[in-house]
Amino acid sequence: RVFGLEINDERMSIIASELLGAHMFAVCISLLHGILICVVCLSLSALPVRTVMSPEATALSMELTAVAVLVIAAIGPLGIFFVVRSAVAANDRSLVRCICLLDCLCVANTCGNVPLGVIMLLATQHLQQVALDANCECEFPSMTLQECEALKASMADIYGVLGVMGVVHAILSACQCVACVFGARKSNAARYALSQNRVFV
């Protein structure tokens, strides 16, 4: 049995197992990604950031963003996983072809996110140094020295958190890219096998 499906053909069983396994791995990585963003949002909500909103409203906004990101991260990939399982259960070659296309788009998207994570790290490191080097008298003349130093420290903390997020984002994107490449290969193998009149179930 492969994810609850009874597949008698050994070769098709291997293809189905690897195809569904790749998409389940992508679901796990997506959830980790969502949890990372949640942690970052909650970390930022705890920092004393000066915004147009009150601290309570800012924290609530960050918490709602964290919940929304986690829900989206779970629903999207999990939905695709069940579509893949349905395609295998129905021996639907057209749907498998669409899944292959989705996996190829996933490869392009996630591979592109790897250098973005590196760029994000470098940019936040630069901004962190700019924030720490800011001249209070010139750039924040309306603040007291104590308020200015507190703001600079707060901004440096924010950029530090975002920098860590950039590193983890690049690592998780690389893992998800590998899962999508593997999924694309296996969905193509499944499409070819179905075109040869072989069936999963």
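In what follows, residues are counted from 1 in the order of the sequence shown. Note that this is a predicted model, so its numbers are computed, not measured.
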(message) Rounded at 0.5 Å granularity, tell me how far CZ in Arg185 sits from SG in Cys104.
(response) 12.0 Å

(message) Are Ile158 and Leu162 packed together at the side-chain level, in the sense that at least one heavy-atom pair is separated by less than 4.5 angstrom?
(response) yes

(message) With clusters defined by side-chain heavy atoms of hydrophobic residues (ILVMFWY) lying less than 4.5 Å apart, directly or transitively, does Leu95 cluster with Phe82?
(response) yes

(message) Between Ser187 and Gly183 (side chain of the first, backbone of the second, donor and acceptor by atom type, cut-off under 3.5 Å), is there such a pair?
(response) yes

(message) Quick check against the 3.5 Å criterion: does Gln196 have a side-chain atom that pairs as donor or acceptor with the backbone of Ala193?
(response) no

(request) Would you mind reporting whether Lys152 and Cys136 have side-chain heavy atoms less than 4.5 Å apart? (result) yes

(message) Quick check: do His33 and Ser173 have side-chain heavy atoms less than 4.5 Å from each other?
(response) yes

(message) Within this structure, what is the SG-CZ distance for the pair Cys28 and Phe81, rounded to the nearest 0.5 Å?
(response) 9.5 Å

(message) Within this structure, what is the CZ-OH distance for the pair Arg93 and Tyr192, rounded to the nearest 0.5 Å?
(response) 12.0 Å

(request) Sort and list the pairs that fulfil salt bridge (Lys or Arg N to Asp or Glu O under 4.0 Å) and have at least one residue in residues 67-84, not counting sequence neighbours. (result) none

(message) Between Glu139 (side chain only) and Ala134 (backbone N and O only), is there a donor and an acceptor less than 3.5 Å apart?
(response) no

(message) Check the SG atoms of Cys177 against those of Cys111: under 2.5 Å or not?
(response) yes

(request) Taking atom CD of Gln146 as the centre, report whether more than 12 heavy atoms of other residues, nucleotides or ligands fall under 6.0 Å from it. (result) no

(request) Answer with yes or no whether the side chains of Arg191 and Asn188 bring together a donor and an acceptor at under 3.5 Å. (result) yes

(request) Answer with yes or no whether the hydrophobic clustering places Phe3 together with Leu19; edges join I, L, V, M, F, W, Y residues whose side-chain heavy atoms lie under 4.5 Å apart. (result) yes

(message) Could you measure the distance from the SG atom of Cys98 to the CD1 atom of Ile80? Nearest 0.5 Å is fine.
(response) 12.0 Å

(message) I want to check something: taking the side chain as every heavy atom from C-beta on, are Phe200 and Leu194 in contact at a cut-off of under 4.5 Å?
(response) yes

(message) When you compare the side chain of Ile7 with that of Val88, does any pair of heavy atoms fall below 4.5 Å?
(response) yes

(message) With a 4.5 Å cut-off on side-chain heavy atoms, are Gln176 and Leu172 touching?
(response) no

(request) Could you tell me which non-hydrogen atom of Ser13 sits nearest to which non-hydrogen atom of Val2, and how far apart they are? (result) OG-CG2, 3.5 Å

(request) State, to 0.1 Å, how close Phe182 and Ala22 come at their nearest heavy-atom pair, and which atoms those are. (result) CD2-CB, 3.6 Å

(request) Considering non-hydrogen atoms only, spot the tightest contact between Phe140 and Cys148 and give its length. (result) CD1-SG, 3.7 Å

(message) Go through it in stages, so that I can follow the logic: the residues are Val199 and Asp9, the test is side chain to side chain contact (heavy atoms under 4.5 Å, CB included), and I'd like the CA-CA distance, side-chain angles, deciding distance and then a yes or no.
(response) CA-CA 8 Å; Val199 295; Asp9 187 315; over 6 Å; no

(message) Please report the interatomic distance CG(Leu127) to CE(Met155), rounded to the nearest 0.5 Å.
(response) 8.5 Å

(request) Look at the side-chain heavy atoms of Ile, Leu, Val, Met, Phe, Trp and Tyr, link any pair under 4.5 Å apart, and say whether Val168 and Val178 land in one connected group. (result) no

(message) With clusters defined by side-chain heavy atoms of hydrophobic residues (ILVMFWY) lying less than 4.5 Å apart, directly or transitively, does Val84 cluster with Met24?
(response) yes

(request) Go through the steps to decide whether Leu145 and Glu149 satisfy the test side chain to side chain contact (heavy atoms under 4.5 Å, CB included), and finish with yes or no. (result) CA-CA 6 Å; Leu145 182 60; Glu149 291 298 334; 4.0 Å; yes

(request) Identify whether Ile37 and Val164 are in the same connected component of the hydrophobic contact network (ILVMFWY, side-chain heavy atoms under 4.5 Å). (result) yes

(message) Do Ile99 and His23 make a side-chain contact, defined as non-hydrogen atoms from C-beta onward lying under 4.5 Å apart?
(response) yes

(request) May I ask you to check whether over 12 heavy atoms, not counting those of Asn197, lie within 6.0 Å of atom CG? (result) no

(request) Pick out which of His169, Gln125, Met165 makes a side-chain contact (heavy atoms from CB on, under 4.5 Å) with Met120. (result) Met165

(request) Supply the atom-to-atom distance Ser17 OG to Leu5 CG, rounded to the nearest 0.5 angstrom. (result) 11.0 Å

(message) If you compare all heavy atoms of Ser30 against all heavy atoms of Pro77, which two are closest, and at what distance to 0.1 Å?
(response) OG-CG, 3.2 Å

(message) If I compare all heavy atoms of Leu121 with all of Gly163, which pair ends up nearest, and what's the gap?
(response) CD1-O, 3.5 Å

